[in-house]
Amino acid sequence: MDRSFLGRGWKFPPTFNKSMDTAELVSEEEDIRESLTIILSTIPGERVMDPEFGCDIHHHVFEEMSFTVINHLKEDIRKAVLNYEPRVDLTGLEVGVNEDHDARLDIILEYKVRATNSRSNMVYPFYVNEGTNISFE
């Protein structure tokens, strides 16, 4: 079955095939998952030509986790997916502290692809990378 109507785009993070001088591409459900990752990873204002694009979860990085903060995170995620990924409907959303890494939140998105009515989910690990590779030479 031809599912090309689900889209095709660059692999994230961008990678290139040197032998063919092309960017690696993804399509169909993988393109949707990568699109969701890009939306959640982009801070609004980062894209000069589309400053509204992204998800405003990053301003919660240093807040202490509470029900209120988690509800704000969920609302930010719902709005971003609604506004920037028209191929899916969110059917479930959970945000919780990872049991193994208390400095990491796991964002679990459950969604339905509108065109095919197929259901899928993904886990987006949300944390700040430590600055351990800093050199003062």
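FYI, side chains are in, hydrogens and waters are out, and symmetry mates aren't considered; it's all heavy atoms of this structure.
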Give every residue pair that meets the side chain to side chain donor-acceptor pair (under 3.5 Å) criterion with at least one member in residues 41-55, sequence neighbours excluded. S41-Y124
Do L40 and L109 touch side chain to side chain, with heavy atoms closer than 4.5 Å? yes
Where do I70 and M65 land on the side chain to side chain contact (heavy atoms under 4.5 Å, CB included) test, with the steps shown first? CA-CA 7 Å; I70 287 175; M65 283 300 104; 4.1 Å; yes
Decide whether I43 and V95 are clustered together by the hydrophobic rule: side chain heavy atoms of Ile, Leu, Val, Met, Phe, Trp, Tyr closer than 4.5 Å, transitively. no
Shared ILVMFWY cluster between L82 and V113, side chains joined below 4.5 angstrom? no
Of all pairs that satisfy ring pair (Phe, Tyr, Trp, His ring centres under 6.0 Å), the ones with a partner from residues 67-89, not counting sequence neighbours: F53-Y84
Apply side chain to side chain donor-acceptor pair (under 3.5 Å) to residues S35 and E85 and explain how you reach the verdict. CA-CA 7 Å; S35 172; E85 187 43 83; 2.5 Å; yes
M20 meets the side chain to side chain contact (heavy atoms under 4.5 Å, CB included) criterion, sequence neighbours left out, with N17, T22
Begin from the C-alpha positions of R33 and S120 and carry the test side chain to side chain contact (heavy atoms under 4.5 Å, CB included) through to its verdict. CA-CA 9 Å; R33 275 190 298 280; S120 191; 4.1 Å; yes
If a pair satisfies ring pair (Phe, Tyr, Trp, His ring centres under 6.0 Å) and one of its residues is in residues 14-47, list it, with sequence neighbours excluded. W10-F16
With a cut-off of 6.0 Å (strictly less than), are more than 12 heavy atoms of other residues, nucleotides or ligands near CD of E94? no
Only counting residues at least two apart or in another chain, list the ones meeting side chain to side chain donor-acceptor pair (under 3.5 Å) with E63. H60
Hits for ring-ring contact (aromatic ring centres under 6.0 Å, His included) against Y111, two or more places apart or cross-chain, chain-then-number order -> none
Quick one: does any side-chain atom of T91 pair with a main-chain N or O of E110 as donor and acceptor, under 3.5 Å? yes
Mind running side chain to side chain contact (heavy atoms under 4.5 Å, CB included) on I107 and I57 for me, showing each step along the way? CA-CA 11 Å; I107 299 169; I57 60 176; 4.1 Å; yes
Sequence neighbours excluded, which residues qualify as side chain to side chain contact (heavy atoms under 4.5 Å, CB included) partners of D56? P44, H59, D76
Side chain to side chain contact (heavy atoms under 4.5 Å, CB included) partners for V123, two or more places apart: D106, I108
Atom of A80, atom of G54 and distance for their closest heavy-atom approach: CB-O, 3.5 Å
Taking side chain to side chain donor-acceptor pair (under 3.5 Å) as the definition, give me every residue that meets it alongside E34, ordered by chain and number, with sequence neighbours left out. none
Gap between atom CG of N83 and atom CD1 of I39 - 0.5 Å precision: 9.0 Å
Same cluster for I38 and M49 if Ile/Leu/Val/Met/Phe/Trp/Tyr side chains link at under 4.5 Å? no
Using the test side chain to side chain contact (heavy atoms under 4.5 Å, CB included), find all partners of R114 that sit at least two apart in sequence or belong to another chain. D89
